[in-house]
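What follows is one structure encoded as structure tokens, with my remarks underneath.
Every value quoted in this text rests on a predicted model; they were computed, and no experiment measured them. Numbers here simply count residues along the sequence, with the first being 1.
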Amino acid sequence: MAAKLHVFISYKKHDGETPAYATNIAHTLKEKYDFEVFIDVLRIDTADHWEQKIYNEIHRADVLVLLLEPLTATSEWVQREVDYARGSCVSVLPLLMVDRKQVNISEATDKLALSGLQHSPYFQQSESDYDALAADLRRLALDTRDAQRRQHRQREKHWHEVPTDLNLKQRSYRMKNGHLPDLRIHLSVGNILDMPAGTLDVIVNSENDYLQMARFYEVNTLSARLRKTGAYFDKNKRLVEDTVQRDLDAYDDVRPVSTTQVIVTKAGHELSDLRLRKKVKFIFHAITVQFNIGSMGDPVIALGNNEVIQETIKCCFDKISQVNQDAALRESVDPEFKAIKSIAFPLFGTGMGGRGIKEIAPAMVGGLSRAISEYNEPTLRDIYLLVYSPNEVVPIEEALNATFKRADS
């Protein structure tokens, strides 16, 4: 079963109440066409984090449906929702809820910068109206994805192409003071998912504070690759279960999550490539970037300072201890699994966060050194520090050489 098309419905309340036509449209799109539909009266139970949830749902949407009346543009929230959708490259589909032959809506269309409505029909909620709407939504969802791909390519200056010559264990180090003498820190270059099966028990995923993973097509992000390889597809390559994102959605009541926090999920569906083929057990979702809510500029803000980065790494080590003590959790991924022996860290904030490698390298290595010094469980054997491109090796290697000693020395 393919992932459901996600529709966000934007409308102006009438005297503080949701008009009946809005809930009718939401219900019909959900029940008749099996779309995932967000409308605030159906999905928001309290005022807590209301603003953040609205922006979060727009960010996830394939299409924003704008229910247009003469006074719609007088709603400040409608204006924000439409602007945020445009900033997120989400298609906007206006639906005329009045007969423009009898009612003038030019002021609303001008204020919301809507064009091409001259021949748009009055949406009267007939069966044919709904069928046409569903067809338009499917078409515009494709436009959204194309636009977001283009936006993604424009941001690729922050990311790097996957190297063709991989050396996944280029350098290995150990602590200088003899603490945990069996533990090794490896500088690894390339795509983490090219590591041999069974190499990693845990992959740390640098994630945003709304726990919204990157979409499958954003292939240059670790978040997207983990989401896709942790999902379950049928034999026809159709998505059956978006498992990792589903597990993160269980934390909906705590979003946005504070930076330095780490959320633990299983590494996807038990039949996914990540668990079945690569034998990864857990994903530690480290909150390292924040959504820049309401901004039409940079969509995310990276972790603020090196101390926060180091605290996040320490939190990952705390989670290793928690998992090692939670027999039920370990048994849920593998009855034979006893303790975490290996973990891989990306360079926090260097993806969509846009921070430079030279800036991050000392903080990451310093954070690892501090966390290892305070860690006392001898089961951990291998820590992998992931570098995506050979061009990034030198700053990381310099920081490692200053802090640890080569394992072969």
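Between Leu67 atom CG and Ser10 atom OG the span is 7.5 Å, to the nearest 0.5 Å. Atoms CE and CD1, from Met97 and Ile25 in turn, are 4.0 Å apart once rounded to the nearest 0.5 Å. In this structure, CG in Asp382 is found 10.0 Å from CG in Asp182, a value given to the nearest 0.5 Å. Taken to the nearest 0.5 Å, the CD atom of Glu331 stands 8.0 Å off from the NZ atom of Lys338. The structure places CG of Asp242 at 8.0 Å from CE of Met213, a figure rounded to the nearest 0.5 Å. Distance CZ/Phe404 to CG/Asn177: 10.0 Å, rounded to 0.5 Å.
A salt bridge is absent between Lys314 and Glu311: the closest approach of a Lys/Arg side-chain nitrogen to an acidic carboxylate oxygen does not fall below 4.0 angstrom. Under the 4.0 Å criterion applied to side-chain N and carboxylate O atoms, Arg370 and Glu307 are assigned as salt-bridge partners.
When atom types are taken as modelled, the side chain of Asp209 and the backbone of Thr259 share no donor-acceptor pair closer than 3.5 angstrom. In terms of modelled atom types and a separation under 3.5 Å, the side chain of Asp234 and the main chain of Arg238 share a donor-acceptor contact. The closest donor-acceptor contact from the side chain of His269 to the backbone of Leu271 lies under 3.5 Å. Counting only distance, with no hydrogens or angles, the side chain of Asn24 and the backbone of Ala20 share a donor-acceptor pair below 3.5 Å. Put simply, the side chain of Ser342 gets close to the backbone of Asp201: a donor and an acceptor are under 3.5 Å apart. With Ser258 contributing its side chain and Gln261 its backbone, the two residues share no donor-acceptor pair below 3.5 Å. In this structure, the side chain of Ser206 does not engage the main chain of Thr288 through any donor-acceptor pair within 3.5 Å.
In terms of heavy atoms, Ala214 sits closest to Ser223 at N-OG, 3.0 Å. Here the closest heavy-atom approach between residue Pro378 and residue Leu180 is recorded as CA-CD2, 4.1 Å.
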>> As a quick check of understanding, evaluate side chain to side chain contact (heavy atoms under 4.5 Å, CB included) for Val63 and Asp136, giving each step before the final call.
In response: CA-CA 10 Å; Val63 184; Asp136 285 340; over 6 Å; no
> Should His285 and Thr265 be marked as a side-chain hydrogen bond (donor to acceptor under 3.5 Å, both in side chains) after you check the CA-CA gap, both sets of side-chain angles, and the distance that decides it?
Replying inline: CA-CA 8 Å; His285 303 268; Thr265 68; 2.9 Å; yes
>> Pair Arg171, Glu397 - check salt bridge (charged side-chain N to carboxylate O under 4.0 Å, His left out), show working.
In response: CA-CA 8 Å; Arg171 297 285 188 272; Glu397 197 169 52; 2.7 Å; yes
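Relative orientation of the Phe345 and Phe317 rings is parallel, given thresholds of 30° and 60° on the angle between their planes.
Side-chain contact between Phe348 and Ile313: present, with at least one pair of heavy atoms (C-beta onward) separated by less than 4.5 Å. A 4.5 Å side-chain heavy-atom check between Thr379 and Asn324 finds at least one atom pair inside the cut-off.
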